[in-house]
Structures are given as C-alpha cells and as structure tokens.
Number of protein chains: 2
Amino acid sequence: MAKRVSHKDSLCGIARPLDAIGDWWSLLIIRDAFDGLRRFGEFQKSLGLAKNILSARLRNLVAHGIMDTVPASDGTPYQEYVLTQKGQGLFPLLVALRQWGEDFFFEPDEPHVMLVDRATHMPVRRLELRAQDGRMLMAEDTVVVAPPLAAGERE
Amino acid sequence: MAKRVSHKDSLCGIARPLDAIGDWWSLLIIRDAFDGLRRFGEFQKSLGLAKNILSARLRNLVAHGIMDTVPASDGTPYQEYVLTQKGQGLFPLLVALRQWGEDFFFEPDEPHVMLVDRATHMPVRRLELRAQDGRMLMAEDTVVVAPPLAAGERE
DNA sequence: AGATCGTGGTTTCAAATTAAAACCATATTA
DNA sequence: TAATATGGTTTTAATTTGAAACCACGATCT
C-alpha cells in the first residue's frame with residue numbers, strides 16, 4: 001500500500017497527494033461520495049469493483065484522512081464513509097478532470113452529463129487559473145519555484 | 001492496458017479521462033513535461049521508474065493523444081515527447097492537485113515549491129469554481145445532471 | 001427456536017501487472 | 001577500433017489485482 005511513487009525521499013508537491021489518494025478507484029469512490037454515496041454497498045454497486053479492493057481503498061482513504069467512518073445514520077449497526085474536509089478539498093480536482101473530459105472526450109454535440117449550479121441549473125463556469133492581479137494564466141505563463149532554503153541548507 | 005475502470009459500458013465523465021491518462025506515473029510524466037522535460041532519459045532520471053514502464057506509459061500517452069513524438073531538436077537521431085493540446089489541457093488538473101497538496105500536506109509554515117506567475121513571480125491564485133453569474137460554488141452547490149435523452153431512448 | 005436473508009466485510013487463489021535487470025541497437029566519442 | 005551514451009525491448013520474479021468463496025452479525029420470517 002505504501003508504494004513508493006517517486007524515488008526521491010520526500011515526495012514532491014504532486015506525487016505526495018497522488019500517493020495519498022491511492023489510485024483511480026479511490027478517485028471514483030471520492031466522486032461517488034460527492035454524489036452522496038456513503039455505504040459500502042452503494043459504492044460497490046456503483047463502481048462494480050471487487051469487495052476486497054473496495055475495502056482496501058476505503059481503508060486507505062480513511063488512513064489518509066480523506067474519508068472518515070461514522071455510525072450509520074439509519075440505525076443499522078453499520079458504518080458510513082463520508083468525506084472529511086481534506087476529502088472535500090478534492091472537488092476542484094474532480095471538476096478539472098471532468099472539464100478536461102468534456103473538452104476532449106466528447107463530440108461537440110454529443111450529450112453528456114454536466115455539472116450545474118444547483119440554484120440556477122446553469123452549467124458551472126470553466127476553472128481558470130489566474131494571477132494575483134486577475135490575469136488569466138496559461139501553463140507557459142507559470143513556473144514552479146523552490147522555496148528559499150533556510151540557513152545551513154545547501155544542496 | 002485497456003483495463004476496464006468501470007463496469008458500465010460507456011465510461012462516465014470522470015472514468016473516461018482517468019482511463020486515458022493511465023495511471024499515477026503518467027500524471028507525473030505529464031507534470032515533468034510541463035516543466036520542460038522532453039527526452040526519454042530525462043523522464044527516467046527525474047522519476048526513477050523502470051525503463052519498460054516509462055516506455056509503456058509514454059506509448060500509452062501518445063496513443064491517447066496526450067503526448068506526441070517529434071524528432072529531437074538537437075540533431076540526434078532520437079525523438080522527443082511533447083504535450084499535445086489535449087495534454088496541455090491537463091494543466092488545471094495538475095494545479096488543482098498541487099493546491100490540494102499545499103493545503104493538506106504541508107505545515108502552514110513548511111517551505112515547499114510554489115507555482116508562480118512567470119511575469120511577476122507572485123504565487124498564482126487559487127482555482128475556484130464559479131457559477132455563470134460569478135458566484136463561488138462549493139461542492140454542495142452543484143449537481144451532476146444527465147443529458148436530456150433523445151427520442152426513443154428509455155432507460 | 002431455527003432457518004434464511006441482507007449487509008459488510010476477509011480469505012483464498014489464479015491471473016494480470018509491475019519492476020529490476022539483462023540485453024540489444026544505433027550513433028557518437030576517445 | 002573500442003568504449004560509451006541514448007533509447008529502448010525482453011526476460012523473469014515479485015507484487016497487485018480481482019473473482020469467488022467464505023464468514024460474522026443482526027434482522028426477519030416460519
């Protein structure tokens with residue numbers, strides 16, 4: 001489970017989150033959780049994955065603080081799996097994935113599910129990256145910079 | 001390679017993109033590509049993954065139109081791997097992942113690499129989801145809706 | 001009470017995937 | 001000519017996955 005996803009000792013800002021999420025299944029579980037699914041059986045039915053795998057993924061998500069278990073709300077002696085704050089923080093990522101999918105995996109007129117504003121039922125806006133001053137940024141307009149190294153740290 | 005990631009016949013708006021990307025390694029390759037890496041050896045050195053795996057992942061990314069091979073720009077008889085438009089469309093996803101990582105994987109004062117505006121060297125803004133009218137939306141403020149079904153389609 | 005069913009798992013085991021290492025091909029360098 | 005660098009492929013063992021069987025527990029039916 002603690003598979004090393006990078007050879008560097010400390011995982012970078014992309015690899016560390018990836019490592020925590022676990023794998024594709026986990027992301028689909030999280031999506032289902034955003035859709036309101038909470039029970040083991042619900043996830044299994046929705047995703048059609050083996051129970052042992054689901055079990056392992058849920059355990060991993062809980063271990064990483066992305067989901068949490070709570071006693072079932074309907075009186076049954078089971079537990080439910082809900083997103084923590086950390087888990088809910090993944091919403092933009094799912095939106096980005098969905099929007100990318102809309103852009104490149106469907107014909108312009110092909111019907112597909114859409115994410116809409118609950119209040120107005122209008123599609124949500126595209127995610128866009130902006131500078132502090134509000135300018136839109138493309139990938140080429142950005143750089144990744146290392147933190148200033150503290151005294152005594154030399155590479 | 002064509003691993004079924006969902007039991008549904010047509011993969012949904014989240015699963016289909018995931019399926020195309022392939023796996024975590026692919027996402028790290030894509031990140032490196034955004035950082036300017038282009039050569040097989042560069043990716044391998046950066047990621048430290050086995051050559052056969054890198055080979056397979058690159059092949060998959062090319063097959064899915066996320067990367068493309070071009071003749072090496074330096075006269076050597078090799079090829080380089082570059083992001084297509086489709087591949088570049090993944091930038092927001094990487095930003096979302098990075099910002100989530102910043103939020104939950106580093107202490108508030110822990111130094112970490114940052115994505116900055118190349119022009120001003122200021123950190124970029126957070127990605128935020130907005131409605132058509134500009135209101136910020138949280139996950140709970142949205143719903144996924146199915147497309148209207150064409151005549152003759154009944155579930 | 002006893003049998004059966006639904007839910008939520010774990011265990012087992014075969015099959016698929018991954019990863020390390022060895023190998024290979026080509027071109028450049030010494 | 002030999003050695004080395006790049007960019008892979010092949011081989012093989014170890015790991016992971018996934019399907020199915022099994023198990024535990026409580027509720028329900030007879």
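- Taking five base pairs at each end of the helix from C:dA1-D:dT30 to C:dA30-D:dT1, the local helix axes there meet at an angle of 10°, rounded to 10°.
- Sorted by first and then second residue, the salt bridge (charged side-chain N to carboxylate O under 4.0 Å, His left out) pairs involving residues 23-42 of chain A (not counting sequence neighbours) are A:D23-A:R57, A:R38-A:E80, A:R39-A:D74, A:R39-A:E80.
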Which letter, B, S or -, goes with each nucleotide of nucleotides 4-12 of chain D from 5' to 3', with contact meaning a protein heavy atom under 4.0 Å? --BBBBBB-

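- Atom CG of A:L49 and atom P of D:dT16 are 17 Å apart (whole Å).
- Atom CZ in A:F43 sits roughly 15 Å away from atom C1' in C:dT7 (whole-Å rounding).
- One interatomic measurement links the two molecules: CZ of A:R38 to P of C:dT7, which rounds to 17 Å at whole-angstrom precision.
- Rounded to whole Å, the distance from NZ on A:K45 to P on C:dG9 is 17 Å.
- The salt bridge (Lys or Arg N to Asp or Glu O under 4.0 Å) test applied to A:E102 returns no partner, not counting sequence neighbours.
- Aromatic ring pairs are classed by plane angle as parallel below 30°, tilted from 30° to 60° and perpendicular above 60°; the pair B:Y81 and B:F40 is tilted.
- A:E80 places its CD atom 11 Å from the P atom of C:dG9, with the value rounded to the nearest Å.
- Scanning for ring pair (Phe, Tyr, Trp, His ring centres under 6.0 Å) contacts around A:F106 gives A:H112, with sequence neighbours left out.
- In this entry the distance linking CD1 of A:I53 with C1' of C:dA16 reads 12 Å, nearest Å.
- For the pair A:L54 CG and C:dG9 C1', the computed distance is 10 Å after rounding to whole Å.
- Judged as a side-chain contact (heavy atoms from CB on, under 4.5 Å), and not counting sequence neighbours, the contacts of B:D117 are A:A131, A:R135, A:L137, B:A119, B:T120.
- For residues 121-131 of chain A, every residue pair satisfying the side-chain hydrogen bond (donor to acceptor under 3.5 Å, both in side chains) rule, not counting sequence neighbours, is listed here: A:D103-A:R126, A:E128-A:R130.
- Listed for the A:Q44 side chain is a donor-acceptor partner under 3.5 Å among the backbone atoms of A:L49.
- Sequence neighbours left out, not one pair with a member in residues 42-61 of chain A passes ring pair (Phe, Tyr, Trp, His ring centres under 6.0 Å).
- For the pair B:W25 and C:dA19, the criterion of a side-chain N or O lying under 4.0 Å from OP1 or OP2 is met.
- Taking atom CD on B:Q44 and atom P on C:dA21, their separation rounds to 12 Å, with Å as the unit.
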Would you mind writing out the side-chain donor-acceptor pairs for residues 82-95 of chain B within the sub-3.5 Å range, not counting sequence neighbours?
| from | atom 1 | to | atom 2 | distance (Å) |
| --- | --- | --- | --- | --- |
| B:T84 | OG1 | B:G65 | O | 2.5 |
| B:T84 | OG1 | B:I66 | O | 3.0 |
| B:T84 | OG1 | B:K86 | N | 3.3 |
| B:T84 | OG1 | B:G87 | N | 3.1 |
| B:K86 | NZ | B:H64 | O | 2.9 |

